Amino acid sequence: LAGMPVHAARDAGFFFEKAEHADVFLMWKVMDFGLVDWSVVCASWPTITALTIFSLMHAPINIPSLSISVGTEVNMNKELVTHGISN
């Protein structure tokens, strides 16, 4: 982060405060699946699938395309890791 230690960046307001430890499964314990309208989930399944496929294909197609367009060599591993972190 531009040579700034993480604790200094956190103190400057660039990062949120550290979260308290929470149960990893808390969301699943409080979620009442009886309230879910499963017909809506099933109806939107094609859209969910299409968005998943698009997001998986987006970076591997667009990074080399942009590299060719601007005439710059890119490190695909670094770009894909950065894309994964940002998501």
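No experiment lies behind these values; they were computed from the predicted model shown.
With hydrophobic clusters built from ILVMFWY side chains whose heavy atoms lie under 4.5 angstrom apart, Ile61 shares a cluster with Ile53. Grouping the Ile, Leu, Val, Met, Phe, Trp and Tyr side chains by contacts below 4.5 angstrom, directly or via other members, places Leu26 apart from Val24.
No more than 12 heavy-atom neighbours from other residues, nucleotides or ligands sit within 6.0 angstrom of CZ on Phe16. The number of heavy atoms from other shown groups lying within 6.0 Å of CE (Met57) does not exceed 12.
To the nearest 0.5 Å, the span separating CD on Glu73 from CG on Asn75 amounts to 9.0 Å. Atom OG1 of Thr47 is separated from atom CH2 of Trp45 by 11.5 Å, given to the nearest 0.5 angstrom.
A side chain to side chain contact (heavy atoms under 4.5 Å, CB included) with Leu66 is found for one member of Asn62, Val70, Ile68, Ile63 and no other, namely Val70.
Between the Thr72 side chain and the Ser67 main chain, no donor and acceptor come within less than 3.5 Å of each other. A donor-acceptor distance shorter than 3.5 angstrom exists from the side chain of Thr52 to the backbone of Ile48, with no hydrogens or angles considered.
Between Phe33 and Trp38, the shortest heavy-atom distance links the atoms O-NE1, 3.4 Å. Of all heavy-atom pairs between Pro64 and Ala59, the closest is CD-O, 4.0 Å.
Looking at heavy atoms from C-beta onward, Phe14 lies in side-chain contact with Met4 at the 4.5 angstrom threshold.
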